[in-house]
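Encoded as structure tokens, the structure appears first; notes follow it.
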Amino acid sequence: MEQLFELPIQTKQRNVSSKPYHGYLCHNLYQSLGIDDATVLEKVNDFTQQLWPIQGNKTTSETIHRFSEQLWELDMMVRRMIMESFGLEKYIDEHLNSTNYLLRLMKYTSPPDDDDDDGLEETKFGLRVHTDKNILTILHQFQVDGLEVKTKDEKWIKVKPSQDSFLVMVGDSLGAFLNGRLSSPYHRVMMMGKKTRYSTALFSVPKTGVIVDSPEELIDEEHPRIFKPYQYDDFLQFFQTEAGRRAQSPFHAFAALSNTPL
Ligand SMILES: O=C(O)CCC(=O)C(=O)O
Ligand SMILES: [Fe+2]
């Protein structure tokens, strides 16, 4: 991670993707590199080739690929368990095959010194409050904490850093697929101390063209359909619009069939 982020900004900016928000991102304390289809070695090689055009970087490619493959296994295991717990066995294969994987490597620098307390919160945001838009996210924060998750009763929980544990987070698209049986939690990153923070996230993302729709087993009189069927890329497009960016819950603004916030 250190080696990647030490590269000059012009180099990191060569990490581009055809999908919005899938390449290099940089704002305030946050920087992030994105690797589309990180479970496919050739695609990881394309990424390292973007950064090191002459000879690529075999060691980095292999490390990223091995890491992604193991997280991919975990992602599939968790999704399988979730589907089984809702009696959706017959959809498991189709569901597991309906996603690609985006790996994000993230670096957060420590906030500037600020002795007076005014406006302090603002400067400490590593990542603003959001829900993930995809299916499932497998997060890892290595040594420095910062990730906070909001509970249903509106309390912020700090996630303790751990070298050997991962956090599994439900995304909007899994919530929609399950007709609201699980919901995507709001979360954010707050940078408090003086240390640089590194984290990683593997996102399972609906493939282009796949319609995210709830199985009929999850829809009945007691559980009416909450979201319209949609294509993930259309949601990303919406998120790029003014209305999408301004909405408190962009996903709700895009796909909810009723106006009552969840
Ligand atoms: O860095 C983290 O721990 C969280 C990252 C995150 O929430 C995201 O990339 O969606
Ligand atoms: Fe997130």
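Along the sequence shown, residues are numbered consecutively beginning with 1. We use all heavy atoms of the structure for the numbers below, so side chains are in, but hydrogens, waters and symmetry mates are not. Numbering of ligands and ligand atoms starts at 1, following listing order.
The shortest N or O to N or O distance between Arg197 and ligand 1 is below 3.5 Å. Among the atoms of Tyr30, none of the N or O lies under 3.5 angstrom from an N or O of ligand 1.
Listed by chain and number, the protein atoms of type N/O/S under 2.8 Å from the Fe ion (ligand 2) are His130 NE2, Asp132 OD1, His187 NE2; waters are omitted.
Taking every heavy atom of Asp132 and a limit of under 4.0 angstrom, the matching atoms of ligand 1 come to 10 (O). Near Tyr108, meaning under 4.0 Å from any of its heavy atoms, are these atoms of ligand 1: 1 (O), 2 (C), 4 (C), 5 (C).
Nearest residue to atom 5 (C) of ligand 1 from Leu102, Leu127, Leu25 is Leu127 (criterion: closest heavy atom).
Under 4.0 Å is where a charged nitrogen must lie from a carboxylate oxygen, and between Glu84 and Arg80 no such pair does. Between Lys107 and Glu2 there is no salt bridge, since no side-chain N of the basic residue sits under 4.0 Å from a carboxylate O of the acidic one.
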Using residues 19-26 as the side-chain source, report each donor-acceptor pair under 3.5 Å to any protein atom, sequence neighbours left out, with the distance given to one decimal.
residue, atom, partner, partner atom, Å
His22, ND1, Asp36, OD1, 2.7
Tyr24, OH, Gln31, OE1, 2.7

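Rounding to the nearest 0.5 angstrom, the gap separating the CE atom in Met106 from the NE2 atom in His140 is 11.0 Å.
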Check step by step if side-chain contact (heavy atoms from CB on, under 4.5 Å) holds for Val168 and Leu136. CA-CA 7 Å; Val168 176; Leu136 208 66; 3.8 Å; yes

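By the 4.0 Å heavy-atom criterion, His187 is counted among the residues contacting ligand 1. Judged by the shortest distance from any of its heavy atoms, His130 lies inside the 4.0 Å radius around the atoms of ligand 1.
Contacts of Phe203 with ligand 1, taken as heavy-atom pairs under 4.0 Å, involve the side chain alone. Residue contacts with ligand 1, taken as heavy atom pairs separated by less than 4.0 Å, do not involve Thr137 at all. Here Met106 has side-chain heavy atoms under 4.0 Å from ligand 1, and that is the only part of it that gets that close. Within the 4.0 Å heavy-atom criterion, neither part of Ala201 lies near ligand 1.
Cation-pi geometry between Arg188 and Trp156 is satisfied (NZ or CZ under 6.0 Å from the ring centre, within 45° of the ring normal).
If you look at Phe227 and Phe251, their ring centroids are closer than 6.0 Å.
Asp145 is linked by a salt bridge (charged side-chain N to carboxylate O under 4.0 Å, His left out) to nothing, counting only residues two or more places apart in sequence or in another chain. By the ring-ring contact (aromatic ring centres under 6.0 Å, His included) test, Tyr198 pairs with no residue at all, sequence neighbours left out.
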